[in-house]
Amino acid sequence: VAQQLGHGHDGPMGTGVSDRDGRREVAAAALVDSGRLLLAQRVSPPELAGRWELPGGKIEPGETPAEGLSRELREELGIEAVVGHRVGVEVPLPNEMVLRAYAVELKSGVPVALEHAAVRWVGVDELADVDLVPNDRAWVPALVELLTRG
Ligand code: DCP
């Protein structure tokens, strides 16, 4: 295992398997359209069900984070999206995983909840009142900035 750690890459030419520290990435979308942020309501696990998240998922071996996040958004929401820059802090997860958010623009389609209970668009004034999953709360200041500067 020690030999495998550090073999991952997270750069533009990287594989997306893991980052330099050998951590698997979970990527989440800060999808902003017309000044509002898309949130999706989780159905599982029980402790997260009913709470709202930035949609996304685990990057698979061979994918860049942008490719993996685009795939997740296609699978979960039925949209085509353009993945841009990182947003906010990275959040350590159990099992050597790390959670990162990216600014995302809608290219085509209308998001529908294919794997979530619901989707909703929130404005900057609503964000503080949403029942976000605990991990995603760390991103609120950066999301406010993203929504404020348009
Ligand atoms: N997660 C989070 N905040 C997000 C997205 C994900 O805290 N905005 C967490 C929840 C899980 C882990 O990241 O602990 C993986 O997320 P998902 O279960 O949504 O990822 P996948 O869809 O890839 O999961 P699976 O492979 O189990 O289907």
Side-chain angles (χ1 to χ4, degrees), residues 1 4-5 8-10 14-107 109-148:
V1 171
Q4 290 168 357
L5 296 179
H9 301 281
D10 200 32
T15 62
V17 176
S18 58
D19 67 12
R20 284 168 200 82
D21 302 318
R23 294 178 301 176
R24 178 90 178 266
E25 176 166 336
V26 178
L31 172 48
V32 176
D33 197 59
S34 301
R36 296 197 298 171
L37 174 73
L38 187 76
L39 295 177
Q41 190 175 32
R42 288 194 68 101
V43 294
S44 67
E47 63 270 23
L48 297 181
R51 291 180 157 177
W52 297 85
E53 68 173 2
L54 303 194
K58 298 187 194 84
I59 305 305
E60 296 296 336
E63 289 179 329
T64 63
E67 288 167 349
L69 184 52
S70 298
R71 173 186 51 73
E72 291 283 354
L73 298 176
R74 201 176 298 123
E75 293 172 356
E76 295 184 354
L77 304 170
I79 58 169
E80 295 299 322
V82 181
V83 178
H85 60 84
R86 280 276 318 284
V87 171
V89 296
E90 64 174 46
V91 182
L93 297 178
N95 303 318
E96 302 293 325
M97 295 198 298
V98 60
L99 176 63
R100 298 191 179 102
Y102 295 85
V104 168
E105 287 181 14
L106 190 59
K107 191 160 78 180
V110 175
V112 287
L114 300 175
E115 297 182 1
H116 288 86
V119 294
R120 66 185 284 203
W121 294 96
V122 297
V124 67
D125 295 341
E126 298 167 275
L127 198 51
D129 297 325
V130 175
D131 186 17
L132 287 176
V133 299
N135 287 142
D136 295 21
R137 289 176 204 159
W139 295 329
V140 168
L143 294 170
V144 167
E145 193 185 325
L146 190 67
L147 285 165
T148 304

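In listed order, ligands and their atoms are each counted from 1. Nothing here was measured: the structure is a model prediction, and the numbers come from that model. All heavy atoms count here, side chains included; hydrogens, waters and symmetry mates do not.
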For residues 119-126, which side-chain donor-acceptor pairs fall under 3.5 Å, sequence neighbours excluded?
from	atom 1	to	atom 2	distance (Å)
E126	OE1	G123	N	2.7

Side-chain donor-acceptor pairs of residues 69-83 under 3.5 Å, sequence neighbours excluded:
from	atom 1	to	atom 2	distance (Å)
S70	OG	A66	O	2.8
R71	NE	E63	OE2	2.5
R71	NH1	E75	OE1	3.3
R71	NH1	E75	OE2	3.3
R71	NH2	K58	O	3.1
R71	NH2	E63	OE1	3.0
R74	NE	E80	OE1	3.4
R74	NE	E80	OE2	2.9
E76	OE1	G56	N	3.4

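With sequence neighbours left out, E53 forms a side chain to side chain donor-acceptor pair (under 3.5 Å) with R42, H116.
Heavy-atom neighbours of E115 CD from other residues, nucleotides or ligands within 6.0 Å: above the threshold of 12.
Between L106 and P111, the shortest heavy-atom contact is CD2-CD, 4.5 Å.
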Please tabulate, one line per pair, the protein N or O atoms found under 3.5 Å from any N or O atom of ligand 1, giving the distance to one decimal.
from	atom 1	to	atom 2	distance (Å)
ligand 1	3 (N)	D136	OD1	2.7
ligand 1	7 (O)	N135	OD1	2.9
ligand 1	8 (N)	L54	O	2.7
ligand 1	8 (N)	D136	OD1	3.2
ligand 1	8 (N)	D136	OD2	2.8
ligand 1	18 (O)	R42	NH2	3.4
ligand 1	19 (O)	R42	NH1	3.1
ligand 1	23 (O)	K58	N	2.8
ligand 1	24 (O)	K58	NZ	3.2
ligand 1	26 (O)	K58	NZ	3.0
ligand 1	27 (O)	K58	NZ	3.1

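Between V32 and the options V104, L146, L143, V87, a side-chain contact (heavy atoms from CB on, under 4.5 Å) holds for only L146.
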